[in-house]
**Student:** 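Here it is: the structure, laid out below.
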Amino acid sequence: HETTSMDDDQWLCCEYCGNRFNTTDHTPLLLDQCGHSVCRSCVELVIAFQFRARTAPSSSCTSKPETATAAAAAVAAAAVPAAQEQQQQQHCWAVACATCSIVTHIPVEAACVTDGMKPNRAILDALAEREKPAMCSVCHTPGVGPLFDCAFCFSTVCEGCWDKMHITPAMQARHSKIPHTSAPPTEVNNKCSKHKKTFKLFCVTDSTLVCSVCAFSKQHQGHNVVPIEEHLGSASQQLEPLAHQLEEKQTKMAATVNTIEHEITEINKAHEEFDADLVQATKRLKDLLQSRCDSLLARSQMLRKERVGQLSEQRSSLDLLMKHVAALRTQLDHGHQDQDQISLMVLLQKASA
């Protein structure tokens, strides 16, 4: 199991077994009576020890679980005699805090012995924050490859940003390129590695810190070397115009943003009006088409009735003609040749009509 000896990380370790908390077997569980935390494995171990003490009192105080650590067994053994009677009355397990010895009770009816305890979210969040992958402090791009720490710049950068920050060969020689670890450098090296003297001067030509001995060496002969305070003052004066320019650009950008937002608002308003007009025009067109369809349908029905009436009259006339033709044929078939010419002409006229 992973352990740590740093004072800052003690609160991330279980007080029983000393193992570092995690999200699996060593999940930090909150003791609600005192606010301290203990890992899941130790809680299960303490309860298992108490279960043995309850089921076999004669051997529980002398036996030691095979998987128990010395600290967990000691705390469990101390908690059993004091809380055994209260456990039997209240039907609960007792977990004594290794820091303050305050006892927290867990109901026996819980489906799991640790269901009655809440995880310590503060510790879990701290563990998750520490497990986040490191990224370059310049480009802020995760997963860009190996990272390096610069003791002079006090920054963590990738390979590409390192070359951009350390342009001159002198800067690359003076600024130590250290492979990045889980923790950033805690101190800035303010002494010359060659002469072991404190940096008090700055070489403007090479853009690097130098000590009093390096300033008179051949490497910096003829270079513009000034005290650090003077360089900081001149750098601040050089930065003031840039700051004013940035402020002006920021003001212009803010005005541009306001103009764009106003234009976006106007465009949205125009689109909303257009959509409303389109809906109204569509409704009017739909009403016009419906009215036209109703008119055409009514006219079609009227024309159909007229045509049907005309055809009915023609059919009646044809039926009457067929009757006269049938009567004429009957008379002709019976041999009424002696019929007077007038009757015959009348029949012919009716037939022709």
Side-chain angles (χ1 to χ4, degrees), residues 1-135 181-184 186:
H1 298 291
E2 182 183 2
T3 59
T4 179
S5 60
M6 298 178 62
D7 294 338
D8 294 339
D9 289 344
Q10 285 298 328
W11 67 286
L12 296 178
C13 300
C14 177
E15 293 292 342
Y16 273 21
C17 61
N19 288 315
R20 191 182 183 89
F21 290 124
N22 55 32
T23 57
T24 55
D25 54 341
H26 292 287
T27 304
L29 300 178
L30 193 63
L31 299 173
D32 54 5
Q33 295 298 323
C34 61
H36 295 126
S37 297
V38 62
C39 73
R40 181 184 296 272
S41 297
C42 289
V43 172
E44 294 176 350
L45 177 64
V46 169
I47 293 177
F49 198 89
Q50 292 180 17
F51 179 78
R52 290 188 183 185
R54 182 179 299 181
T55 55
S58 60
S59 60
S60 62
C61 295
T62 58
S63 62
K64 181 179 180 180
E66 297 178 357
T67 59
T69 61
V75 174
V80 170
Q84 185 173 6
E85 182 178 356
Q86 188 174 4
Q87 288 176 6
Q88 295 176 356
Q89 294 178 358
Q90 298 182 357
H91 302 286
C92 60
W93 305 110
V95 179
C97 178
T99 303
C100 60
S101 301
I102 297 178
V103 178
T104 297
H105 298 93
I106 305 174
V108 177
E109 293 79 6
C112 179
V113 293
T114 56
D115 286 348
M117 305 181 69
K118 298 179 180 179
N120 192 326
R121 287 296 173 189
I123 295 179
L124 292 176
D125 292 343
L127 292 174
E129 186 69 24
R130 295 196 177 196
E131 291 176 359
K132 286 184 178 179
M135 64 176 59
T181 58
S182 58
T186 56

**Student:** Looking only at non-hydrogen atoms, find the nearest pair between His26 and Asn19 and report the distance.
**Tutor:** CE1-ND2, 3.3 Å
**Student:** Could you tell me which non-hydrogen atom of Phe21 sits nearest to which non-hydrogen atom of Cys39, and how far apart they are?
**Tutor:** CE2-N, 3.6 Å
**Student:** Verify, without hydrogens or angle tests, whether Ser41 (side chain) and Asp25 (backbone) share a donor-acceptor contact under 3.5 angstrom.
**Tutor:** yes
**Student:** Heavy-atom distance under 4.5 Å between the side chains of Leu127 and Thr23, does that happen here?
**Tutor:**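 Side chain of Leu127 against side chain of Thr23, heavy atoms only: no contact under 4.5 Å found.
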**Student:** Can you name the residues that form a side chain to side chain contact (heavy atoms under 4.5 Å, CB included) with Thr99, not counting sequence neighbours?
**Tutor:**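 With sequence neighbours excluded, Thr99 shows a side chain to side chain contact (heavy atoms under 4.5 Å, CB included) to Glu15, His36, Cys97, given in chain and number order.
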**Student:** Report the C-alpha separation of Ile102 and Leu31 in whole Å, then their side-chain angles, then the decisive distance to 0.1 Å, and conclude whether the side-chain contact (heavy atoms from CB on, under 4.5 Å) test is met.
**Tutor:** CA-CA 9 Å; Ile102 297 178; Leu31 299 173; over 6 Å; no
**Student:** What pairs with Ala126 under side chain to side chain contact (heavy atoms under 4.5 Å, CB included), at least two apart in sequence or on another chain?
**Tutor:**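 Counting only residues at least two positions away or on another chain, Ala126 forms a side chain to side chain contact (heavy atoms under 4.5 Å, CB included) with Trp11, Leu12.
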**Student:** Indicate the atoms forming the closest heavy-atom contact of Val103 with Ala94, along with that distance.
**Tutor:**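 That closest heavy-atom pairing would be CG1-CB, 3.4 Å.
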**Student:** Of all the heavy-atom pairs spanning Ile123 and Pro28, show the shortest one and how long it is.
**Tutor:** CG2-CG, 3.8 Å
**Student:** Minimum heavy-atom separation for Ser37 to Leu30, with atom names?
**Tutor:**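 Taking every non-hydrogen atom into account, OG-CD1, 3.9 Å.
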**Student:** Taking atom CG of Asn22 and atom OG1 of Thr27, what is their separation to the nearest 0.5 Å?
**Tutor:**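 Result: 6.0 Å between the selected atoms.
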